[in-house]
Amino acid sequence: MSKIEGTYSPQEFEEKWYDEWTQKGYFHADPHSDKPPFSIVIPPPNVTGILHMGHALNNTLQDVMTRYKRMDGYEALWMPGTDHAGIATQNVVERKLAAEGLTREDLGRDNFIERVWEWRKEYGGTIIRQLKKLGASCDWDRERFTMDEGLSRAVREVFCTLYEEGLIYKGSYIINWCPRCHTALADDEVEHKDSKGNLWHLRYPLEDGSGYIDVATTRPETMLGDTAVAVHPEDERYKDLIGKNLILPVMNRRIPIIADAFVDPTFGSGAVKVTPAHDPNDFEMGLRHSLPTIRVIGENGQMTEEAGKYAGLDRYEARKALVADLEEAGTLIKIDDHDHAVGGCYRCQTVIEPLISEQWFVKVKPLAAKAVEAVEQGDTKIVPDHWKKTYYHWMENIRDWCISRQIWWGHRIPAFTCDACGEMSVSREDIDTCPKCGASGLRQEDDVLDTWFSSALWPFSTMGWPEETAEVSKFYPTSLLVTGFDILFFWVARMMMMGLWFRKEVPFKDVYLHALLRDEQGRKMSKSLGNSLDPLELIEEFGADVMRFTLVAFAAQGRDIRLSKPRFEGYLRFANKIWNAARFAFMNLEDFDEAAPEIPLAERSSADRWIIGRLSEAAKGVREALDDYRFNDAAGQIYKFLWHEFCDWYVEMSKRPLYGDDPKAKLAAQQTIITVFDATMRLLHPFMPFLSEELWQKLPFPAYMGPREESLVIAVFPKAEEIPTDKGAVERVDMVKEVVSAVRNVRGEMRLPPSKKLTAIIQCSDKERSLLLDERDFMMALALAESVEFIAPGEPKPKQAAAAVAGGLEIFVPLAGLVDLEEEERRLNKEIDKLAADLSKVEGKLGNPNFVDRAPAEVVEKERERAAELNEAIDKLKAGLARIKGE
RNA sequence: AGGCGGAUAGCUCAGUUGGCAGAGCGCCAGCCUUACAAGCUGGAUGUCGCAGGUUCAAGCCCUGUUCCGCCUACCA
């Protein structure tokens with residue numbers, strides 16, 4: 001009776017183990033531990049979010065690293081939490097209110113915020129629960145939220161400090177305004193998308209009636225706010241007109257012609273209309289030339305009183321009406337098709353309106369300089385390396401960061417204005433009397449801070465900063481950050497700036513930027529396309545382990561991942577394979593004597609020694625791959641070892657001793673299976689935590705291995721150097737494998753079914769013979785041979801036999817009565833052709849004097865050996881062919 | 001416009017110091033061989049995008065080029 005049933009069914013054990021692990025507190029990190037620290041902070045998902053494939057990938061990779069390091073003797077902290085997602089969350093709650101026929105204004109600020117907290121309490125935990133399904137080994141006792149009291153204190157501390165240092169200021173500048181979210185946005189929160197538009201050519205007459213200037217615009221409605229037309233100072237066409245005035249059509253306003261080097265004389269007519277209130281470039285130009293600003297579009301996207309007869313119209317309606325009027329007035333010369341990039345709100349896609357508005361800004365240049373330096377010096381390593389360039393480029397071209405948002409949900413700006421004297425005070429604590437005049441009646445700013453402002457502090461605010469906590473001193477700087485490259489600017493760059501400024505240390509030593517997930521057609525997975533796979537459905541169908549392993553197996557650096565269901569099916573088979581390997585192991589361990597002493601390696605079979613040697617190499621490979629963040633490589637090594645070495649070869653080889661009647665050989669095989677299975681489950685655990693734990697817990701444990709750890713979560717990760725490697729055994733088994741493959745090849749090519757027993761005859765040196773003699777049983781079992789015989793080098797070769805060459809050995813399979821010899825002739829010719837092709841390549845190299853003279857001696861020697869081997873093999877096969885023909 | 005990435009088997013992709021081009025899936029053939037048919041065994045399949053260059057030797061390094069994708073950007 002087996003301990004487990006025949007099919008992998010993750011639904012039966014995943015939840016059980018997760019509960020067990022959390023109850024035991026394995027994920028909790030102790031800041032007072034003596035172990036070296038390893039720490040990761042989770043990229044906080046939006047509190048409104050639900051788990052999507054990007055989260056699944058991102059958090060799987062973090063969990064792999066966290067579990068690996070935890071097993072490898074580190075005090076591992078994976079800090080979890082969510083961010084308050086100001087705009088997104090407010091949108092969600094406002095939608096709910098709208099369903100009740102209410103607006104946030106109806107409730108008032110305090111009541112509205114109360115409602116948001118209620119919402120958060122009810123729904124905010126969704127993504128956290130989903131992360132648990134994934135198996136994430138976060139320290140849930142430390143779960144944080146950017147609006148928590150502690151984190152809010154950190155935000156306030158940072159704001160006030162930067163203000164005191166003169167790095168935060170308030171002022172009227174042109175900013176990106178979302179007319180739907182009704183708030184300012186930072187530059188990088190605007191998504192530019194190419195779209196088909198038009199170029200309207202307008203004719204502005206000179207004031208003195210002596211002519212006109214043509215200008216072109218993609219946004220005709222802004223002409224109502226024009227306060228100048230600019231030309232290039234060197235432009236011969238317009239040189240004489242500089243300083244003259246034009247009459248702005250429709251508005252009949254007098255506007256000057258100015259000269260500015262910004263204008264590209266080769267584009268369009270070479271003259272540009274200037275609308276300082278509604279275009280960032282024009283705003284700059286306006287400053288240079290002290291132009292007035294006329295705001296014709298308001299915060300709701302409607303035309304203002306300044307727009308005259310168009311006041312109150314939506315900006316697009318106004319465009320239509322105005323264009324019609326311009327055409328009638330003869331001002332509109334022509335309309336061209338024109339493609340250009342239009343900026344949209346990253347939250348709601350509404351077209352952004354550049355507006356002049358009073359906002360709060362961070363002067364980022366000084367912070368950015370430090371952030372660049374840290375990467376240049378290697379204090380933080382970006383993986384893959386090529387993202388460095390993008391990072392530098394962004395940091396070096398950074399403009400001041402608009403941090404105020406005209407919403408209610410978020411950290412309210414701690415600035416207080418005195419009604420009496422007008423003084424504005426910024427304060428770490430709420431104040432109600434003016435520090436300057438002592439009057440009461442202070443008004444706090446209505447605006448809140450950009451969510452990214454608080455996320456930027458995440459690596460240290462989550463650890464209790466500004467208190468100098470044990471967590472900060474143990475776990476900051478964090479060891480690693482894993483995130484998608486799409487938030488390199490939003491988040492990574494800002495954490496770098498804030499971390500360096502406030503902790504004088506980088507927030508993380510390594511940053512691993514993973515690829516994007518795409519569907520099978522290569523399109524980005526997105527909610528709007530509806531082409532996303534749902535990780536929870538996948539977990540339901542395949543198990544969390546299979547989903548994790550699949551994602552890891554495809555996570556090659558710098559390459560996007562195309563996902564589809566069949567990909568997961570492939571690794572479901574792998575999980576099932578592991579399951580069945582375990583069944584095999586358990587079946588054959590039922591009578592295992594846990595008290596028996598360990599059989600020394602030297603007394604075990606070659607197969608035993610071989611697989612243990614391979615295990616050592618696998619452990620080394622997995623470690624090296626993980627240390628370099630080559631996740632796909634790590635997964636591949638485990639896959640290959642478990643399936644193609646342990647299952648394909650060792651399990652088959654172990655059947656003889658297990659089913660045979662030599663008790664010592666059997667015990668040796670049992671002990672080997674346990675050693676290998678135990679270590680393999682340890683190696684597998686970071687990738688497939690549930691399956692590995694389920695199987696490992698059922699594995700018998702011999703007394704000589706000492707007490708077993710309570711759980712794989714806290715078990716030791718295998719060290720290659722502690723697993724012995726026997727080179728001789730590896731060589732012997734490799735020889736066995738070659739012989740077996742050669743015989744199988746004959747069988748396969750000849751289409752001999754396994755039911756037809758055959759004999760293998762090996763002709764080899766005495767030395768090889770003595771090595772192989774002991775492995776006879778293995779060879780018979782694996783090659784499905786009735787017997788394996790040896791002949792000495794000089795002895796006549798068998799007649800009517802298939803011939804094969806493997807290493808230095810010749811292998812014969814007598815075919816008389818089994819198969820038509822012409823089949824063998826065909827097979828041999830094919831084989832000879834293949835080898836001859838190889839040989840001519842090698843001889844080509846050796847025939848080149850340059851190669852022989854200039855290549856390293858060992859490379860030349862290797863080629864010579866290879867040529868000799870090929871020659872010998874060909875000769876032998878030809879001889880075999882002759883023997884067949886001669887019959 | 002600039003920057004970055006990709007192009008390798010029918011498909012999806014590996015390929016870390018230049019030294020015999022690989023895997024999975026698919027395909028063909030044979031197998032229910034008592035862990036596993038979600039399996040086993042064997043087999044076929046390549047102008048490594050194109051053109052040059054460096055080198056004894058290039059998928060890998062250099063130059064140019066084509067196509068695809070992404071990011072950044074103030075061309076009205």
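Convention: sequence-line order gives letters A, B, ...; per-chain numbering from 1.
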Any salt bridge between [X] and [Y], counting N to O under 4.0 Å?
X        : Y        : answer
A/Glu617 : A/Lys620 : no
A/Asp838 : A/Arg866 : yes
A/Glu865 : A/Lys862 : no
A/Glu694 : A/Lys698 : yes
A/Lys388 : A/Asp385 : yes
A/Glu786 : A/Lys757 : no
A/Asp279 : A/Arg219 : no

Expressed in whole Å, how much space separates the [atom1] atoms belonging to [N] and [M]?
N     : M     : atom1 : answer
B/C13 : B/G49 : P     : 15 Å
B/C32 : B/A38 : P     : 16 Å
B/U63 : B/A23 : P     : 33 Å
B/C68 : B/C50 : C1'   : 15 Å
B/G64 : B/G69 : P     : 23 Å
B/G2  : B/A58 : C1'   : 30 Å
B/A57 : B/G52 : P     : 16 Å
B/C61 : B/C25 : C1'   : 33 Å

Touch class at under 4.0 angstrom, heavy-atom based, for A/Asp648 against every strand present:
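Here A/Asp648 touches the backbone only, sparing every base.
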What contact category does A/Trp200 fall into here, base, sugar-phosphate, or nothing, at under 4.0 angstrom with non-hydrogen atoms?
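Result for A/Trp200 = nothing.
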Please determine whether a side-chain nitrogen or oxygen atom of [X] lies at a distance below 4.0 Å from atom OP1 or OP2 of [N].
X        : N     : result
A/Lys655 : B/A35 : yes
A/Trp649 : B/C40 : no
A/Arg630 : B/A14 : no
A/Arg567 : B/U12 : no
A/Arg866 : B/C20 : no
A/Lys389 : B/C4  : yes
A/Arg573 : B/A37 : no
A/Lys834 : B/U45 : no
A/Arg854 : B/C56 : yes

Between atom [atom1] in [X] and atom [atom2] in [N], what is the gap in whole Å?
X        : N     : atom1 : atom2 : answer
A/Leu782 : B/G42 : CG    : C1'   : 15 Å
A/Glu823 : B/G30 : CD    : P     : 12 Å
A/Lys756 : B/U41 : NZ    : C1'   : 17 Å
A/Gln557 : B/G6  : CD    : C1'   : 15 Å
A/Glu749 : B/G43 : CD    : C1'   : 6 Å
A/Leu758 : B/U33 : CG    : C1'   : 13 Å
A/Phe646 : B/A35 : CZ    : P     : 13 Å
A/Lys845 : B/A57 : NZ    : C1'   : 6 Å

Nearest of [options] to any side-chain atom of [X]?
X        : options             : answer
A/Asn580 : B/C56, B/A35, B/G42 : B/A35
A/Lys862 : B/A35, B/G30, B/G19 : B/G19
A/Asn745 : B/C40, B/G43, B/A14 : B/G43
A/Lys577 : B/A35, B/C13, B/G43 : B/A35
A/Pro856 : B/G19, B/A38, B/C13 : B/G19
A/Arg751 : B/A14, B/G39, B/A29 : B/A29

Under a 3.5 Å cut-off for both contacts, is [N] paired Watson-Crick or G-U wobble with anything, and if yes, with which nucleotide?
N     : result
B/A1  : B/U72
B/G39 : B/C31
B/U47 : none
B/A7  : B/U66
B/C56 : B/G19

Can you classify the ring geometry of A/Phe549 versus A/Tyr571 as parallel (below 30°), tilted (30 to 60°) or perpendicular (above 60°)?
tilted
Centroid-centroid under 6.0 Å between A/Tyr346 and A/Phe490 rings
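Yes, the ring of A/Tyr346 comes within the 6.0 Å limit of the ring of A/Phe490, centre to centre.
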Would you please name every residue forming a ring-ring contact (aromatic ring centres under 6.0 Å, His included) with A/Trp696, sequence neighbours left out?
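If we apply the ring-ring contact (aromatic ring centres under 6.0 Å, His included) test to A/Trp696, skipping adjacent residues, there are no hits.
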Residue set satisfying ring-ring contact (aromatic ring centres under 6.0 Å, His included) with A/His340, at least two apart, ordered chain then number -> A/His338
Go nucleotide by nucleotide along RNA chain B from the 5' end; which of A/Pro754 and A/Asn850 gets its closest nucleotide reached first?
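Result of the comparison: A/Pro754.
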Taking for each residue the nucleotide of RNA chain B bearing the nearest heavy atom, is the 5' side occupied by A/Pro753 or by A/Gly570?
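That would be A/Gly570.
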Per-nucleotide protein contact string for nucleotides 58-76 of chain B, where B marks a base within reach and S marks sugar-phosphate only (heavy atoms under 4.0 Å, - for neither):
-----------S--S-BBB
